[in-house]
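Working notes, structure below.
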Amino acid sequence: MTYAEYPVRSTKKQAPGPQEFSDMTVTRFAPSPTGYLHVGGARTALFCWLMAKHNKGKMILRIEDTDQKRNTPTAAQQVMDDLRWLGITWDEGPEVDGPNGPYYQSERRDIYDRYMKQLLEKGSAYYCFDTPEELNALRQEAIAQKKNFAYPRPERFPDEQEVAKAQAEGRPVTVRFAMPNTDIIVHDIVRGAVRFGVDELNDFVIQKSDGVPSYHFACVVDDELMEVSHILRGQEHLMNTPGHIALQDALGFRRPQYAHMSVTISEGGGKLSKREQSKTLRNAIKTMATIDLEKVAEVGGLSADEMATFMANKSNPDAPQISAMAEYLGVHLPEINVIDFLKSGYIPEGMINFIALLGWSPGDDKEIMALDELIQLFDITRLTKSNSLFDRQKLTAFNTEHMKMVAPERLLEHFKRYLAINDLPMGQADDATLAHILTACQGARTLADVAAKCNFLYQDVTGYDPKAIKKVLKKEGVKDILIKIRTALDSLDNWDDDSINKAVEELCTQNDVGMGKIAQPIRVAITGSMVSPSIHDSLVLLGKERTLGRIDQLIEFMDTL
RNA sequence: GAUCCCUUCGUCUAGUCAGGUCUAGGACACCGGGUUUUCAUCCCGGCAACACGGGUUCGAAUCCCGUAGGGAUCACCA
């Protein structure tokens, strides 16, 4: 079948079915390991995974590490950790293996070489010896003429002798793919039929001068060999697709189905990226009146010059430097990477649900969905065409819902991981205590809220919130009440919910006051603030001795008011 | 600049392919009220959109054309 004959029925619902593929749906997530997994990548992975699971197929994880300059050795591991935290698993790939490995492209060189040779022999690809400077000049010329740059394909392709000669002269040797002389129509599940004219199509590089295949080539070869039936990726790849299709045809490969997803935009506008974090930090620094810039630079490990260019909006330091400076200044950076959300106390169930709704919906009013519902309802044809903005407030709302829905044991697991990654003293507590803290904080929006609300358990009261002083302590008769509370609590034989509740209720009736008059002074005494879980939970968690001690401490403080 | 994609409440979206049931539905946010020993949760109510202009049609959010705006891509990066 040629491109033109490929059936076009609807622009959306029915993209043509894969021709020669088995019934098995195979998707793949193919990150390039340059750092932590960010939300955009997580969304792509999620849709690949949902699609595979919904169709009882499989998802492959493939690491696209053909560019040595960009890859860091630990990045692949980080990406896998982040995927696992989200609950996204892969059926084939690193650490689980499978019949089509290896799953690191850097280990597949011999495979690519075979196909490269085939293409060269067929005359579908040819060697080039241009230097970057020459190429650049060509491009400038095209711009000057207001034309699209297209590599000038030679009349006759260089032979092996010329290659050897070029090599001897020290010229770079690359291989370009000779694009066929036809328009190419991409049949996309999301976008329908998209036509690319011959004039737009360019002979692109498929083998770099270091001998490594380019992304385009490796990706096409691997997708065929790994039997990938559906390629889900960001719309930034749409323009690459005609090239990939032509490559598939030249190599006699099958054509997978494509779905180019819309992009996720950040609140500040533009693509969600680290740049947003630099921007937030920079703006925060600018609003700080008294600030020791030298000290900040030192914390971030930047030289004075680097700091200056950063502040002048001319450079963006690396993520660790940004984080170090933000932490030092107490600036909360917008979360970008999956791990940022973990650190901020979001749980994977909430993240997954929220991300799934960025560019997809089940078609009715259903929004809060557990993982198995998501799998059951997922339908690739329902992907939205337009870009969507990442709204953290809505994420928080979803997180709140899932905090209530998740099984207690699971929430406990998430909580322990949260405490560990933030290295909080609460992490030393035993499971029973943590479980109690969690139930005492039902309704919390994030795990960070839980930790903050119960932080008083792990920290002495060193002062009192001015608002608490004004609203609670400076009221008539508080000191007397406090003394009565102390006496009542001291006399309790059992330190449990019932006894504490009963004691507090009795204090209310005896003194003819409402709950607030008793509960609030206690709260201020034990936390120094006006926020804590219910009184009975707070007191049980704190223990009798410490409770009484903190009440004494407050009674003493009352005299200084 | 060229090419491609997109456009419904502030935001995520349902509805568009098969035009009437849409005085456009839901959710988050926001505003107002209520429950609660604080915070959070929870409950009730409110505000709020078919980008614009032309067609086609008895009838347009839905089909066609144009305009405007936004995004993506234009690498020996993936």
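Just so we're on the same page: letters track the sequence lines, and every chain starts at 1. None of the values given here were measured: they were computed from a predicted structure.
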Using a cut-off of 4.0 Å on non-hydrogen atoms, how would the nucleic acid contact of A/Ile368 be classed: base, sugar-phosphate, or nothing?
nothing
Students often get this wrong, so: under 4.0 angstrom with heavy atoms, is A/Asp130 touching a base, only sugar-phosphate, or nothing?
base
When you get a sec, tell me which of B/U3, B/C12, B/U38 is the closest nucleotide to the side chain of A/Ser388?
B/C12
Assign each of A/Arg139 and A/Met239 the nucleotide of RNA chain B bearing its closest heavy atom; nearer the 5' end lies the nucleotide of A/Met239
Span that lies between the P atom of B/U7 and that of B/C65, in whole angstrom:
15 Å
Could you go through nucleotides 5-7 of chain B and list every protein N or O atom that sits under 3.5 Å from one of its N or O atoms, giving the distance for each pair?
residue, atom, partner, partner atom, Å
B/C5, O2', A/Arg191, NH1, 2.4

Counting heavy atoms from C-beta on, name the nucleotide in B/U13, B/G26, B/U73 closest to the side chain of A/Glu236.
B/U73
Would you mind checking if A/Glu64 and A/Arg28 are paired as a salt bridge, meaning a charged N to carboxylate O distance below 4.0 Å?
no
Less than 3.5 Å between a donor and an acceptor, one on the side chain of A/Lys453 and one on the base of B/A40, is that the case here?
no
Does the structure show a Watson-Crick or G-U wobble partner for B/G69, both distances under 3.5 Å? Name it, or say none.
B/C6
Pick base, sugar-phosphate or nothing for A/Glu64, based on heavy-atom distances below 4.0 Å to the nucleic acid.
sugar-phosphate
Which atom of A/Glu373 lies closest to which atom of A/Ile368, heavy atoms considered:
OE1-O, 4.2 Å
Six-ring centre of A/Tyr151, A/Arg176 cation under 6.0 angstrom, axis tolerance 45°
yes
Classify the nucleic acid contact of A/Asn240 as base, sugar-phosphate or nothing, counting any heavy atom under 4.0 Å across all strands shown.
base
What's the gap between B/C28 and B/G45 when it is taken at their P atoms, as a whole Å value?
13 Å
Checking N1-N3 plus N6-O4 or O6-N4 for Watson-Crick, or N1-O2 and O6-N3 for wobble, each under 3.5 Å, the partner of B/C74 is B/G1
Name the pairs: protein N/O against N/O of nucleotides 41-47 of chain B, kept only if under 3.5 Å.
residue, atom, partner, partner atom, Å
B/U41, OP1, A/Arg445, NH1, 2.3
B/U41, O3', A/Lys404, NZ, 2.7
B/C42, OP1, A/Glu401, OE2, 3.4
B/C42, OP1, A/Lys404, NZ, 2.8

Scan A/Thr34 against the nucleic acid and name what it touches under 4.0 Å (heavy atoms): base, sugar-phosphate only, or nothing.
nothing
Any strand is fair game: report the nucleotide pairing with B/A24 by Watson-Crick or G-U wobble, both distances under 3.5 Å, or none.
none
Any donor-acceptor pair under 3.5 Å linking the side chain of A/Arg382 with the backbone of A/Gly359?
no
Aromatic ring proximity A/Phe217/A/Tyr115, centre distance under 6.0 Å
no
What's the closest nucleotide to the A/Asp67 side chain, out of B/U38, B/C76, B/A78?
B/A78
Should A/Glu367 and A/Lys394 count as an ion pair when the cut-off is N to O under 4.0 Å?
yes
When you measure from the side-chain N and O atoms of A/Ser532 to the phosphate of B/U38, is any distance below 4.0 Å, counting only OP1 and OP2?
no
Side chain of A/Lys208 (C-beta onward), nearest among B/U13, B/C4, B/C76:
B/C76
Could you tell me which nucleotide pairs with B/A18 by Watson-Crick or G-U wobble geometry, both distances under 3.5 Å, or answer none if nothing does?
none
With sugar-phosphate meaning primed atoms plus P, OP1 and OP2, does A/Gly514 contact a base, only sugar-phosphate, or nothing at under 4.0 Å between heavy atoms?
nothing
Do the side chains of A/Glu141 and A/Arg139 get close enough for a salt bridge, i.e. N-O under 4.0 angstrom?
no
Counting the benzene-type ring for Trp, do A/His187 and A/Tyr258 have ring centres under 6.0 Å apart?
no
Within less than 4.0 Å of OP1 or OP2 of B/C76, is there a side-chain N or O belonging to A/Arg176?
yes
Which atom pair, heavy atoms only, marks the closest approach of A/Val478 to A/Val472?
CG2-O, 3.2 Å
With the side chain defined as heavy atoms from C-beta on, A/Gln393 is closest, among B/A27, B/A29, B/A78, to B/A29
Between the base of B/C76 and the side chain of A/Ser209, is one N or O donor paired with an acceptor at under 3.5 angstrom?
yes
Look at all strands and tell whether A/Pro533 reaches a base, only sugar-phosphate, or nothing, counting heavy atoms closer than 4.0 Å.
base
The side chain of A/Lys394 lies closest to which of these nucleotides: B/U13, B/G26, B/C76?
B/G26
Applying side chain to side chain contact (heavy atoms under 4.5 Å, CB included), run through A/His260 and A/Ile189 and close with a yes or a no.
CA-CA 8 Å; A/His260 286 95; A/Ile189 296 173; over 6 Å; no
Determine the contact category for A/His237: base if any of its heavy atoms lies under 4.0 Å from a base atom, sugar-phosphate if only primed atoms, P, OP1 or OP2 are that close, otherwise nothing.
base
Who pairs with B/G59 - Watson-Crick or G-U, where each distance is under 3.5 Å
none
Mapping A/Gln207 and A/Trp360 to their closest nucleotides on RNA chain B, which lands nearer the 5' end?
A/Trp360
Residue-phosphate contact under 4.0 Å: A/Arg382 side-chain N/O, B/A14 OP1/OP2:
yes
Paired nucleotide for B/C42 [Watson-Crick or G-U wobble; both distances under 3.5 Å]
B/G34
A/Asp391 side-chain proximity, nearest of B/G25, B/U37, B/G10:
B/G10
